[in-house]
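Once you've had a glance at the structure underneath, I'll fire off some questions.
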Amino acid sequence: MSAALEVNNIEVVYHHTIQVLRGLSLAVPEGEIVALLGSNGAGKSTTLKAISGFLPLENGALASGSIRFDGRDISRTPPHRLVRRGLFQVMEGRRVFEDLTVEDNLRVASYALSGRGEAPLPFDAVYEYFPLLRALHRQRAGYLSGGEQQMLAIGRALVARPRMLLLDEPSLGLAPKLVEEIFGIIRRINRERKVSMLLVEQNAAMALSLASYGYIIENGRIVIDGPAERLMADRDVKEFYLGLGSAGRTRSYRDVKHYRRRKRWLS
Amino acid sequence: MEYFLEVSLVGLAVGGVYALIALGYVLVYKTTRVVNFAHGNIMMFGAYFFYTFAALLGLHWALAVVLTLVASAALGAGIERVVLRPLLGRPAISVVMVTVGLAAVLHGAAQMIWTPGDFFLPSIFPDAPIIIGEMFIPSNTGYGFLVALAAILIFLVLFRFTRSGVAMRATAADQVAASSMGVNVPAMFRLAWIYAALSAAIAGIVVGSITTLNPTMGLIGLSVLAVVILGGLDSIPGAILAGLIIGWLEALTGFYLGGAYKDVIPFVVLIVILMIRPYGLFGTPEIERL
Ligand SMILES: Nc1ncnc2c1ncn2[C@@H]1O[C@H](COP(=O)(O)OP(=O)(O)O)[C@@H](O)[C@H]1O
Ligand SMILES: [Mg+2]
């Protein structure tokens with residue numbers, strides 16, 4: 001079966017010198033949620049930027065490998081074209097337009113449908129997912145709380161009627177209760193609107209509870225991947241990403257493997 | 001007191017035209033983060049376009065205005081495409097220097113095309129001055145103000161309420177986020193340059209009607225740049241208010257202290273205000289990116 005999104009063996013370099021991704025591959029099957037997990041600086045956002053075409057804006061480049069969306073190579077397609085084809089990224093840190101009202105923020109997202117012959121999702125439908133936003137629709141986005149801004153960021157994505165959503169740490173900086181609410185809505189969007197998703201998170205437990213499959217990235221490489229239930233049951237994943245282990249979180253998954261191997265040799 | 005009111009009114013009328021010129025700087029700066037030193041000369045070209053259509057070709061003034069707007073929009077779009085687009089991502093200072101060079105090129109081109117001499121624009125305003133009670137406002141200044149005011153309002157409406165205006169403001173706020181939403185950012189840059197050139201053309205016709213037309217007209221743009229900095233480079237309300245303030249101060253100092261002070265006092269006020277508020281009246285603190 002071919003996936004909606006396929007990333008094959010990509011290498012990403014910033015400023016011609018700093019290599020961040022080293023032969024990373026992943027796939028998102030049609031209609032599913034796939035989690036990409038890893039600690040700060042592992043290369044999660046870089047992976048999403050490579051997919052959505054934003055590397056050139058940060059003086060980064062895809063040095064090798066390929067990226068396919070719906071079977072077509074997209075490694076050289078400019079970002080606004082990709083969005084118009086249905087690949088929408090909700091960027092890290094929400095990035096709402098602070099001077100614009102909530103409604104104008106949604107209106108900007110309607111540009112994603114330019115040339116697609118489809119009307120944007122009516123704002124009323126967005127407000128059904130996020131009733132809070134309806135009451136705030138004339139407010140400037142800059143005055144919204146972090147949680148409300150995250151709702152707006154996802155609301156903009158809804159307006160664009162995407163087929164694939166790239167979500168970069170939607171839980172960042174939100175209170176646990178809000179995180180649960182947002183993730184519930186992400187799940188609904190996936191089911192009701194048949195949107196495939198690549199979900200980047202540090203909150204691994206939450207992300208794996210939604211996803212069907214997960215990848216764990218360290219230092220620009222996938223170090224483990226598998227069905228979500230299997231990852232949740234995996235001892236090392238539990239210890240290092242689900243916060244259930246006894247060891248400190250300073251060591252990495254690779255260190256564990258070394259350590260185990262050494263132990264095996266010694267015993 | 002009676003003079004004070006009359007002088008103030010004339011000053012505010014001139015200030016309205018400054019505000020229209022300032023608006024062009026702000027539209028381009030806000031959207032593209034480029035301080036366009038060629039703006040005054042784009043305005044001068046607008047005035048020459050009108051002179052060409054109305055005086056040299058003898059067209060009806062209304063038709064000449066329309067053709068001037070079309071030609072100026074093309075000039076703005078052309079400059080964006082040919083001069084600015086290849087510089088995307090370059091350091092701000094090199095881009096600014098390129099606009100300084102562009103100003104010189106436009107100045108030279110105007111001298112070559114239309115000769116350095118003085119011309120009078122065909123008059124489009126009624127001859128009779130505007131009389132309010134005892135006060136007397138010269139026709140070109142008074143009607144010029146009304147035209148500038150109308151133009152400012154139209155641009156405000158375009159910027160605030162149209163779909164492309166919303167996209168332009170989104171681009172101004174966060175280019176990457178705007179493009180992640182399907183906005184074609186270079187197309188928004190082009191639109192900003194077109195709006196700026198259109199506002200410049202209207203200002204050029206008004207200024208050319210109040211004074212005379214020659215290739216040094218663009219210098220007004222440089223003194224208006226001071227207005228823009230006073231208002232805050234990225235603030236439209238700031239540009240409008242600062243335009244009115246500078247026009248008013250110029251008129252008052254010119255009348256009470258004499259012409260020599262007219263060019264000095266407003267700038268002293270500018271410097272004092274900037275010492276208190278380094279980002280201008282309404283600007284945001286990120287202007288050091290300049
Ligand atoms: N624009 C950039 N220029 C240089 N290095 C960068 C840039 N963006 C990210 N990096 C580096 O790439 C690595 C991965 O960053 P990122 O993809 O943002 O990680 P994550 O999203 O997993 O926290 C980090 O070491 C970071 O410092
Ligand atoms: Mg990140």
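In what follows, chains are A, B, ... by sequence order, proteins preceding strands, each numbered from 1.
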Tell me whether the count of non-hydrogen atoms from other residues, nucleotides or ligands lying under 6.0 Å of CZ in B:Arg81 goes above 12.
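No, because the 6.0 Å sphere around CZ of B:Arg81 holds 12 heavy atoms or fewer from other groups.
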
Please round to the nearest 0.5 Å and tell me the distance separating atom OG of B:Ser180 and atom CG of A:Asp168.
11.5 Å

Heaviest contributor of heavy-atom pairs below 4.5 Å to chain A, chosen from B:Val185, B:Val166, B:Asn184, is B:Asn184

Rounded to the nearest 0.5 Å, what's the gap from CG on A:Leu57 to CG on B:Leu88? Could you check?
9.5 Å

Go through the atoms of B:Ala172 and report whether side chain, backbone, both or neither lie under 4.5 Å from a heavy atom of chain A.
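Neither; nothing under 4.5 Å.
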
For the pair A:Arg107 (side chain) and B:Ala167 (backbone), establish whether a donor and an acceptor sit closer than 3.5 Å, ignoring hydrogens and angles.
no

Is any side-chain heavy atom of A:Leu100 closer than 4.5 Å to a side-chain heavy atom of B:Arg169?
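Result yes, sub-4.5 Å side-chain heavy-atom pair found.
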
Tell me, out of B:Ala170, B:Ala173, B:Ala178, who's got the most heavy-atom pairs with chain A below 4.5 Å.
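Of the candidates given, the most pairs with chain A belong to B:Ala170.
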
Max heavy-atom pair count under 4.5 Å with chain B, selected residue of A:Glu98, A:Arg95, A:Gln89
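Max contact count across the listed options: A:Arg95.
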
Does CZ belonging to A:Arg134 count more than 12 external heavy atoms closer than 6.0 Å?
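Counting neighbours around CZ of A:Arg134, more than 12 heavy atoms of other residues, nucleotides or ligands fall under 6.0 Å, so yes.
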
Can you say whether A:Ser114 sits under 4.5 Å from chain B via the side chain, the backbone, both, or neither, judging by heavy atoms?
side chain

Check each atom of A:Ala160 against the heavy atoms of chain B and say whether the ones under 4.5 Å are side chain, backbone, both or neither.
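No part of A:Ala160 comes within 4.5 Å of chain B.
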
Atom CZ of B:Arg160 with >12 non-hydrogen neighbours under 6.0 angstrom:
no

Counting only heavy atoms not in A:Tyr14, do more than 12 sit closer than 6.0 Å to its OH atom?
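Check passes, neighbour count above 12.
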
Flag side-chain contact, heavy atom, 4.5 Å: A:Met91 against B:Val176:
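SC-SC contact between A:Met91 and B:Val176 confirmed.
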
Minimum heavy-atom separation for B:Ser179 to A:Val83, with atom names?
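The pair with the smallest heavy-atom distance is O-CG2, 3.8 Å.
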
If you take all heavy atoms of B:Met181 and A:Phe97, which pair is closest and at what distance?
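Heavy atoms only, the tightest pair is SD-CE1, 4.0 Å.
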
Top contributor to chain B interface from A:Ala109, A:Ser52, A:Pro78 [non-hydrogen pairs under 4.5 Å]:
A:Ala109

Considering only heavy atoms, which portion of A:Arg84 lies under 4.5 Å from any heavy atom of chain B: side chain, backbone, both, or neither?
side chain

